[in-house]
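Have a look at the structure below, then the notes.
Index from 1, following the sequence. As the structure is a computational prediction, the values presented were derived from the model and not from experiment.
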Amino acid sequence: MILTTGVACAILVGGFLALILIRVPVAFALGIAIIPIVVLDLRLTPFIIIDRMFQSYNSFILLAVPFFLLAANLMNSGQITDRLITLARVMTGWMPGGLGHVNVAVSMLFAGISGSSTADAAGCGKILIPAMVREGYDTRFAVALTACSSVMGVIIPPSILMVIWGGVMQISVGALFLAGAIPGFLIGFALMATVYVYAKLYDYPIVARPTFGDFWTAFRGAFLAILTPVLVIGGIVGGLVTPTESAIIAAGYALILGVFVYRTVTPRDLGTIFYDTGRFASISLFAIGTASAFGWMLSFYNAPRLLVEVMTAMEFGPFGTAVLIACLFLFFGLFIDAIPTIIILGSVLLPVATAAEIHPVVFAIIGIVSLAFGLVTPPYGLCLLISAAIGQVNVVKVLPDVLIILAPMLLILLLIILFPQIALWLPMTLMPATFN
């Protein structure tokens, strides 16, 4: 038989949701949901699906994913995180709620190196959450702040999600990196403002007032580490390297720092680091394959075109469409990992955004920021789960603080929708050729 669009989409989406409800991993659920369609529709064969999966893997830019993960793991294992925390402590620890500001500042620094929010939550959380609790901070607040600040790992460049988005949507990764910088720092400042209010309400202490000597010592210790984003982003923006090559440079640079400069990574440690990197990268890349096949199936049945027609008929306008897009990404981020959501939902909504005259770079930043917030919202909430495990506290008890901290971050998302130049100004200034 030949399936209609409505029947095919109902089987695909319904089957996928049913599998998610019975706790089948997302990457497998996406692949299994395709099987009934292939069996029922005479026009499809298993070889087409295998070919679509292979084509998604056959991408040079996706090689950046394992190398950015390797760089993050090397940074954590090489105690480079400790040096970043020391620098953040002298930069922000003198303010009320000092360790809270340190938490946010080190997440901003780590984001510029790793490109991974989960690495941020794990690496910084295991040091800062116990330290905050010892200083008298509420455990729930420490866990919630660590989880929420870690989302900057995929917003402040470099970002693994931006690499995947650029590869899937054929958008300049360098432009996406630059577009995420100002929104990422605005989210960081919003978090610091929230910490300040908490500190005044609960009388949280300052860490210490540093001297110039303290600052110089901390800066000198972390200087080589904070050169990483300069090498990565500067190389891409300057047209010297591709995103994949920049990821290799980041990983190689982290390896040199850990093994030869700081001498905190031994040859024995490298085996564990490479194994963990390969394991996490394989999970991400397998999800890319099944999500690509699922997204191709939706396109085969013209789901994106029908969605564009429906949205155009409703006449939401650019602002209304952007808000709806953000809400859809926020909703899907509650249940599904960001990578398959980008490939499926991003590909489906791109024609909708184009029809509403939303710039592809702005569309990307709205999607990535919205999905980043999904990392701290249950039931998926991977960064929240990692932070809660470190703090040894139930996730449900942390949720009120997460929602309070998340509120000003959502306001930043609304500002990006209202004023797209927040995302566009930097890439249009530094990479004007990309926009011509």
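Annotation for Phe67: atom CZ does not count as buried by contact number, only 12 or fewer foreign heavy atoms lying within 6.0 Å. No more than 12 heavy atoms of other residues, nucleotides or ligands lie within 6.0 Å of CZ in Arg263, so this atom counts as exposed by the packing criterion. Counting non-hydrogen atoms of other residues, nucleotides and ligands closer than 6.0 Å to CD of Gln55 gives a total above 12.
Tested against Pro420 for a side-chain contact (heavy atoms from CB on, under 4.5 Å), the candidates Ile358, Val361, Val362 yield a single pass: Val362. When each of Ile344, Leu298, Leu17 is paired with Leu12, the side-chain contact (heavy atoms from CB on, under 4.5 Å) condition holds for Leu298 and for no other. Considering Ile156, Ile226, Thr228, Ile85 in turn, Ile226 is the only one that fulfils the side-chain contact (heavy atoms from CB on, under 4.5 Å) rule with Leu109.
Under the 6.0 Å distance and 45° angle rule, Arg279 does not count as a cation-pi partner of Phe274.
Ring geometry for Phe294 versus Phe16: interplanar angle of 30 to 60°, hence tilted. Between Phe28 and Phe286, the angle of the ring planes lies from 30° to 60°, which puts this pair in the tilted group.
Taking the ring centroids of Tyr301 and Trp296, they lie at or beyond the 6.0 Å cut-off.
Annotation: side chain of Ile422 is in contact with side chain of Pro183 (closest heavy-atom distance under 4.5 Å). Ile236 has its side chain out of reach of Thr242: every pair of non-hydrogen atoms, C-beta onward, lies at least 4.5 Å apart. Residues Leu227 and Tyr253 are in side-chain contact: their nearest non-hydrogen atoms beyond the backbone lie under 4.5 Å apart. Between Leu191 and Met152 there is a side-chain heavy-atom pair separated by less than 4.5 Å. Proximity of Met169 to Pro360: side-chain heavy atoms (C-beta onward) are nowhere separated by under 4.5 Å. When side chains are defined from C-beta on, Leu87 does not count as touching Phe223, because their heavy atoms never get closer than 4.5 Å. Considering only heavy atoms from C-beta on, Phe373 comes within 4.5 Å of Ile187 through its side chain. Pro340 is listed as a side-chain neighbour of Asp337, based on a closest heavy-atom distance under 4.5 Å.
Atom CG of residue Asp401 and atom CG of residue Leu406 lie 12.0 Å apart, to the nearest 0.5 angstrom. In this structure, the separation between CG on Asn103 and CZ on Phe141 is 8.0 Å, given to the nearest 0.5 Å. Note: Leu424 CG to Ile365 CD1 = 9.0 Å, rounded to the nearest 0.5 Å. Separation of atoms CG (Leu349) and OG1 (Thr341) is listed at 11.0 Å; rounding is to 0.5 Å.
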(request) Could you walk me through whether Phe363 and Trp165 pass the ring pair (Phe, Tyr, Trp, His ring centres under 6.0 Å) test, one step at a time? (result) CA-CA 11 Å; Phe363 170 61; Trp165 193 295; 5.3 Å; yes

(request) In sequence, state the C-alpha distance, the side-chain angles, and the governing distance for Thr272 and Asp269, and then conclude on side chain to side chain donor-acceptor pair (under 3.5 Å). (result) CA-CA 5 Å; Thr272 304; Asp269 296 330; 6.0 Å; no

(request) For side chain to side chain donor-acceptor pair (under 3.5 Å), just list the numbers for Tyr275 and Asn73, CA-CA rounded to whole Å, side-chain angles, deciding distance to a tenth of an Å, and then say yes or no. (result) CA-CA 10 Å; Tyr275 169 75; Asn73 286 337; over 6 Å; no

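Between the side chain of Ser159 and the main chain of Ile155, no donor-acceptor pair closer than 3.5 Å is present.
Across Val402 and Leu384, no two heavy atoms sit closer than the pair CG2-CD1, 3.8 Å. Annotation for Thr290 and Ala27: closest pair OG1-O, 3.0 Å, computed over non-hydrogen atoms.
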